[in-house]
Structure formats: structure tokens, C-alpha cells
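Nothing here was measured: the structure is a model prediction, and the numbers come from that model. Naming: A, B, ... by sequence-line order, numbering from 1 per chain.
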Amino acid sequence: MKHCLVVDDSSVIRKVARRILEDMDFSISEAEDGQQALDACKESMPDAILLDWNMPVMDGLEFLNKLREEEGGDVPLVVFCTTENDVAHIAKAIRAGANEYIMKPFDRDIIEAKFQEVGLI
Amino acid sequence: MTPSEYEFLKQFLKSRSGLVLSDEKQYLVESRLVPVTRRTGHKNLSALIADLGPRGSEELKNTVVEAMTTNESFFFRDKTPFDHFRKTMLPSMLTNRAGSKRVRIWCAAASTGQEPYSIGMCLQEDRGKTGGFRFEILGTDISSEVLEKARMGIYSQFEVQRGLPIQMLLKFFSQQGELWQVAPELRAMVQWRKLNLLQNFSHLGEFDIIFCRNVLIYFDQDTKRDILQRLAKQMPSDGFLVLGAAETVVGLTDAFEPVPDHRGLYRPRKSATTTRAPLGTTSPAQPAKGPVDPLNSPAFQKLRALRG
């Protein structure tokens, strides 16, 4: 079973994402901000990370930059999932090493399509 | 909607579009046509159906057919056909058309345009290999409403997130608020035309590659056979036919044979194409009078087959 870390400061979003991803046969862990996510990754690298952009303490982009510098940090496939929906933000995320990008609001079809896109399912 | 109204609607759709509704599709009719009644001002489905009789307006009849036949579409739907396109069909065409350097592609049920644009994106991605070649992509659909959307190439945030890789979104679309529009150079690759597959399409000419996905499923066996046989006539012997994931030619016609290890991909069967009449000699381009071209009706096909 593949493991996905869901990073979002909204507990509602984490819950929705968890339900969708568990149906897709992923095991899930959650983090409320980038710092928590980075700590979790240092302990054990997940296969996938669903990543919000705007969060307290450490935002998604800063987390991604730090993750990719970690040993083994190039392994997780990172899918941004954010209300930031303009070209500048998307391009910045891709340059920082994001593998895919979801513009909120999302649904099951979009998560499935994007996870398929990066080869997770 | 009473059983007799449903029966009338079934006959109406069958004769106008070939759409075959089974007996338990009332829910589909309701979900598609109740929104139409709101637009047209009919007080309910029964009132709408009553206006589809001989004296009903053509505009209303077209609206109903379009509402019932429009399908949801995604960019790179099912993925595999586009892998086959880049890895099998395109290389074959680059070799076989090295002389004419012209490749014609037809999306026979283009809907809101995602399929022709996906093919266009594949061609743009492979531009390095296709130097000097001219690709013509034609998208047709029975519905002028969806074709208008296709031609504009404007999609919602929801639509561009299903099947379209994010890099392709950045490369081939420009953002307009919450909407995304296909780039002009990609839009310029595709021509659009309204077409009912039940009618004669020989005037469109010959196509090297035909995508005809997720439309045959709506027709009965005879109509499927008829359309497939007419598609075969529009195609050179080294052409390709792409059907939807749930569709097949097996048991319907000998005009095509499956390409081994390529699900959904077919080629004209050699014996079938060598005996066909040259293009242009079978039926001249003319507007068909009824929904079914009698020269291409299943009965005529059968007669012709019997007479060899």
C-alpha cells in the first residue's frame, strides 16, 4: 500500500482528501503545516504528498524547497492542492519540483486524474 | 412522462440521431431534458414532447437531440489512444506519407473539442520529428452548441484538470480569470464541422486516421455496422481507426481488423479495402434528404454484399 502525506491547515480539507485517497487504497498521514510535514518526511519519506500552499509556520513552497534538499527528498511525488490558481504560482511550483498541481476546489475525479498523471495509480 | 410519451421520444431520437434509448433510460431523459424545458418555457416534459410532432419547430427538435446526444469529454481521455497515436500511428504515417507529407485526421464525435485538441498537443510535442509535414485535424459533432464551445476552446478550471498534465496547461493555454483558453496556434490546427454520422459523409474526403470514440455505443447493431463500413470507405488501406474503450468491430463488420496488442486500434482489413470502389465514385457529395442515406442503409449494404 502506498503512503500519502496530506498537508493542509484546514482539518476539513484533510478529512475530504483522506476519504478520497483511502478509497484509492492509500494509507494516509496528516500534517497541519510545512514544518510538521518536513518533520514527518525526515522520519520516513512518503510515496506521495498532497500539499497546500498557504499555511501558518511554513508554507507549501518553502516546504517543497526544503524537502527536495533532503536526502531521499527527491523520491516523494508532490501534488500541490491550493486556491492559488494563476500561471505565476503554478510555474513557480513546477520550478521548485512539484510533480502536479491541483487548483481548488477539487473533487475525486481531479485527484484521481492527477495521481494517475504522475504514475501513482 | 407517460409510457406512450417515452415511446414517442425514443422513436423521435432514433430517427433523428440514431440514438437508441433502452426502456429504463427515463432518468437520463429527465436529467437532460428538464433543464431544456426551463430554457424553452415548457411547463413539463410532457409539454415539451408534445411539441416534437410534425408541426414542432426544427429549432426545438435540434435542441432536444443535442441535449440527449452531448457527451462529457476530457483531455487525453483514456490515455491509451494518445499513446498509440504518438508511438504507433504517427511513426507509421511519417514513413508512409514521406512523399505527400500530408496527414488527415478526423475526430468523428468531437464533442466539446478535447479530443482534437489533445491530438494537436501530441503533434506539437512531437514537432521535432514532423518537420515539413502538414496535419489537418477535422472535428465533427452532431451538436452545433458543443462545436461552438469547441471552436472557442474555452474550458473551466474543472475541465482543464481532468486528464491534462499541468505542464501542458501552462504550455498550451492562456488564463482568463477562472477560465482557460486554448492557444491560438493550437486552435488553428483544428477545423470544425457539424455532422450527423447517420448521414452521408463521403464529401469529407479520405482520412489517414479516424477517431470515432464513445459514439457507436448509442446506436443499434445495424447502424453501427453501417457507420463502420462507411468509415472504411473514407480510409486508405494503411489508415487507422480508433474506437472507444467499450467498443469493438468484432461481430459487426469485416471491414476492419484489430491491431494486435493495441486495444481500441483497428486497421482496414486488406481484403476489404482492395475490392472497394475508388473514392468519389460511390456517392457524390450532396445533402442527404432524410436522416439515413438510402445508398448506405444497412439494407442496401446487405444487398450489395449479397451481389458481391
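Distance check, rounded to the nearest 0.5 Å: CD of B/Q175 to CG of A/D86 gives 6.0 Å. Here the NZ atom belonging to A/K114 is positioned 5.5 Å from the CD atom belonging to B/Q161, to the nearest 0.5 angstrom.
At most 12 heavy atoms of other shown residues, nucleotides or ligands fall within 6.0 angstrom of atom CD in B/Q191. The neighbour count for B/K10 NZ, taken as heavy atoms of other residues, nucleotides or ligands under 6.0 Å away, is above 12. Atom NZ of B/K87 has 12 or fewer heavy atoms from other residues, nucleotides or ligands within 6.0 Å. No more than 12 heavy-atom neighbours from other residues, nucleotides or ligands sit within 6.0 angstrom of CD on B/E145. At most 12 non-hydrogen atoms from other residues, nucleotides or ligands lie less than 6.0 angstrom from CD of A/E43. Within 6.0 Å of CD in A/E71 there are 12 or fewer heavy atoms belonging to other residues, nucleotides or ligands.
Interface check for chain A: of the options B/S174, B/G177, B/P165, the most heavy-atom pairs under 4.5 Å are formed by B/P165. Ranked by non-hydrogen atom pairs under 4.5 Å with chain A, the options B/F74, B/F173, B/W180 are led by B/W180.
For the side-chain contact (heavy atoms from CB on, under 4.5 Å) criterion with A/Y101, the lone passing option out of B/L169, B/I166, B/L170 is B/I166.
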Begin from the C-alpha positions of B/Q157 and A/N85 and carry the test side-chain hydrogen bond (donor to acceptor under 3.5 Å, both in side chains) through to its verdict.
CA-CA 9 Å; B/Q157 185 168 294; A/N85 66 354; 3.0 Å; yes
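Between B/G163 and A/A113 the shortest heavy-atom distance is N-CB, 3.8 Å.
In this structure, A/E117 does not pair ionically with B/R162, as no charged nitrogen and carboxylate oxygen lie closer than 4.0 Å.
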